[in-house]
Amino acid sequence: MECMLQHHELSAAVRAAIVAAQAAQTLPPFEVPDPVVERPRDATYGDYATAIALQLARPARMAPLKIAEAIAAHIVSPHYLGEINVVPPGFINFRLADEWVQALPARILEADAEFGRIDIGHEGQSAQVECVSANPTGPITLGRTRGGVIGDTLHRVLEAVGYNVTMEYYYNDAGRQITLLGESVKVRYLQQLGRRAKLLDEHYQGDYIIDLAKELIAEHADALVDMPTDAFAEYARDRISQQQKATLARIGIFFDVYFREQSLYESGAVDHTLEALRENGYIYEKDGAQWFRSTDFGDEKDRVVVKADGEPTYRLPDIAYHWDKAQRGFDLVVDIFGPDHHATAPQVLMGVRALGYDSDFVHTLLHQIVNLVRGGEQFKMSTRRGLFVTLDELVDEVGADAIRYFMISRSANSPVDFDLDLAVERSDKNPVYYIQNAHVRCAGIFRKWAEAGLAENADEDADLSLLTHERELAFLRKTLELGDVLEMIATTYEPHRLAFYAYDLAALFHPVYEECRVLHSEVPEPVRLARLRFYRAAKVVFARVLALMGMSAPDVM
RNA sequence: GCCCCCGUAGCUCAAUUGGACAGAGCGUCGGCCUUCUAAGCCGAAUGUUGCAGGUUCGAGCCCUGCCGGGGGCACCA
């Protein structure tokens, strides 16, 4: 089920009211803007509000309160609306009709797993989310994990608003890093066989290199001693890539496309990109290198794209890759990078523009780092020294759900302090349990219900108007906000909003569970059935929200 | 030196993109288990939004300048 959001409908209704008031000459003529209708922070003001009258004070040259009254008098109220209030200094507040809120469980159950799906004009559009994009030279780190979880959550949200989403992973499968990887494995291989070989500073230090060497010995014994490092590199690259894929799958992240940098060389796209840039007049030679005139696009200095030794820098294939994205015609591309790429992202987009494309379809999402906290203290990681916690270890320790949640529990602009103790704590202090427990509690009611031998669909024709408890209604109002949250995320690319929403929703649920009993003898039968309907809907909403976050919705914990 | 991010309650962070009295969690204090899981609920206290100006009917949010913290500034990726 797809639906239009209430705030858009109200915005249109307010706009129409302004036009009508002008026709009735209770408002003077002026250009009518699209009124912003939003949820007020303080729910006591109502469910929706607009400050349009305050904004119109100048063009209308009237007191805001008078404007608000003139508008309110002409609003054609949608069926779901209760009262409309005009409040000083000029806000117009809207309240949803209680009867309509009470009926929400029916809508939720009808929508089921599609609940929250909205049509905001992206239906059928294509989007690409590029994230993780780690080179196959080592285990997935926590920084990449954060990008992955942000990306995958975004992927789920973008689908909920109608996009066809491609999850894409770009990696460098050749070049110096891979050569070093091959050398590292060969050194470890020789060492394991008791031969003389020395690991250099620039080599990969992690124990996983030794593991790979051991694998090779198990399979080939010492038969590879005279093999070139290329063979080791190829083996390590493929194995690590495979392991990365398997690890990401453990936290529910899957990619549709693995894009190899090398393929851009094989297809000639890199050369082609350089030539196209040259034809457009953005390439010149200096000191034996080829330079991209990025200053034409606001860069502080021009950038080398082909080094004096004839090798391209990473920028050229990066630009070629984004040219490819442009040519594939995505309506939206979201590139997700960690703090180490903050400086380079704009240069790539300059390249895209130099090739004649508008780069507005690309949104670059930069996120901050992940710190690990144990026992209340932060510990620093270092990839070079092999001192890091891998995603695999983290999954073993705290599970996928906690990782998914905490990675989006902060705005991308803030660092995440991942508290390992909190992540496994089984209490209301741990938001993961707190949220999932809401779903567990709903499931528990239906389990008890079934155990009592009661009819499974007894609540089908329940009288929902019996849902009169203040807390029941507050919860139902909150479920309606899911669509707004998804719209906001799809507009701002800020998936942390989903984590906050899920928590807020749970915080409104638990008091209902405490106060609005179902199976107890003192609850009258019609109320019992209405509440059963309520909890059935609540269960659907929590399942949906957890699914959007890529988390499990357990029936028992 | 230049660029990016951050600075909000004791701590960690939100704040619907410029709206109403700046909100949550943790921590602190006080209540609640013969009731569908207390893995929970109810209540209380807590602010010069780093500083100084500016724009606006209205600023945590926008502009300018400072101060402080983090990250980045390769013919590495």
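Chain A is the first sequence line, chain B the second, and so forth, proteins listed ahead of strands; every chain is numbered from 1. Both backbone and side-chain heavy atoms feed into the values below; hydrogens, waters and symmetry mates do not. Just so you know, these numbers come straight off a predicted model, no measurement behind them.
- Side-chain N/O atoms of A:Arg58 include one lying less than 4.0 angstrom from OP1 or OP2 on B:C57.
- At a cut-off of 3.5 Å, with distance as the only test, no side-chain donor of A:Arg144 or A:Gln244 sits close to an acceptor on the other residue.
- Within 4.0 Å (heavy atoms only), A:Ala289 reaches at least one base atom of the nucleic acid.
- Within the 4.0 angstrom heavy-atom criterion, base atoms lie near A:Glu494.
- A salt bridge links A:Glu130 with A:Lys325: the distance from a Lys NZ or Arg NE/NH1/NH2 to an Asp or Glu carboxylate oxygen falls below 4.0 Å.
- Put simply, A:Thr44 has no side-chain N or O that comes within less than 4.0 Å of OP1 or OP2 on B:C21.
- Across all strands shown, A:Pro40 has heavy atoms under 4.0 Å from base atoms, whether or not it also approaches the sugar-phosphate.
- Side chains of A:Arg260 and A:Tyr171: no donor on one and acceptor on the other come within 3.5 Å.
- A:Tyr433 has no side-chain polar atom (N or O) that falls below the 4.0 Å cut-off from OP1 or OP2 of B:U37.
- Taking for each of A:Pro339 and A:Cys516 the nucleotide of RNA chain B with the nearest heavy atom, the 5'-most of the two is the partner of A:Cys516.
- Within 4.0 Å of A:Asn93, counting heavy atoms only, lies at least one base atom of the nucleic acid.
- Counting only N and O atoms by type, the side chains of A:Asp401 and A:Gln436 include a donor and acceptor under 3.5 Å apart.
- Contact annotation: A:Asn172 side-chain N/O to B:A77 OP1/OP2 distance is not under 4.0 Å.
- Stacking annotation: A:Tyr503 is not stacked on the base of B:G25 (requires ring centroids less than 5.5 angstrom apart and an interplanar angle below 30 degrees).
- Distance NE2 (A:His510) to P (B:G25): 12 Å, rounded to an integer number of Å.
- Between A:Arg410 and B:G25 there is no side-chain polar atom (N or O) within less than 4.0 angstrom of OP1 or OP2.
- Looking at heavy-atom distances under 4.0 Å, A:Asp504 makes no contact with the nucleic acid at all.
- At the heavy-atom level, A:Arg303 lies nowhere under 4.0 Å from the strands shown.
- Within the 4.0 angstrom heavy-atom criterion, no nucleotide atom of any strand lies near A:Val485.
- Between the side chains of A:Tyr284 and A:Asp302, at least one donor-acceptor pair of N or O atoms lies under 3.5 Å.
- Rounded to a whole Å, the CD atom of A:Gln347 is 11 Å from the C1' atom of B:G72.
- Considering only side-chain N and O atoms, A:Arg315 lies nowhere under 4.0 angstrom from the phosphate OP1 or OP2 of B:A77.
- Nucleic acid contact class of A:Tyr535 (heavy atoms, under 4.0 Å, all strands): base.
- In this entry the distance linking CG of A:Leu366 with P of B:C73 reads 14 Å, nearest Å.
- For A:Arg497, the listed nucleotide lying nearest its side chain is B:A15; candidates were B:C41, B:A15, B:G19.
- A:Lys307 has a side-chain polar atom (N or O) that falls below the 4.0 Å cut-off from OP1 or OP2 of B:C76.
- Taking only side-chain nitrogens and oxygens, A:Arg41 never comes nearer than 4.0 Å to OP1 or OP2 of B:G19.
- The CZ atom of A:Arg146 sits 13 Å away from the C1' atom of B:G71 (whole-angstrom rounding).
- The aromatic ring of A:Phe91 is stacked on the base of B:A20, with the two ring centres less than 5.5 Å apart and the planes inclined by under 30°.
- Residue-level contact check: A:Gln55 touches the bases, meaning some heavy atom is under 4.0 Å from a base atom.
- Nucleotide B:A14 holds its P atom 11 Å from the CG atom of A:Asp417, rounded to whole Å.
- Each of A:Ser409 and A:Arg39 lies near RNA chain B, and the nucleotide nearest A:Ser409 is the one positioned closer to the 5' end.
- Within the 4.0 angstrom heavy-atom criterion, only backbone atoms of the sugar-phosphate kind lie near A:His496; the bases stay farther away.
- Relative orientation of the A:Phe259 and A:Tyr170 rings is tilted, given thresholds of 30° and 60° on the angle between their planes.
- Using a 4.0 Å heavy-atom cutoff across all strands shown, A:Thr492 reaches at least one base atom of the nucleic acid.
- The residue A:Cys442 sits apart from the nucleic acid: no heavy atom pair falls under 4.0 Å.
- A:Arg531 and A:His469 share no side-chain donor-acceptor pair at under 3.5 Å.
- Among the heavy atoms of the strands, none lies under 4.0 Å from A:Ala507.
- The phosphate of B:G27 has OP1 or OP2 within less than 4.0 Å of a side-chain N or O from A:Lys429.
- When heavy atoms are screened at a 4.0 angstrom cut-off, A:Ser411 is found touching the sugar-phosphate backbone but no base atom.
- Between the C1' atoms of B:C61 and B:G19, the separation comes to 11 Å (whole Å).
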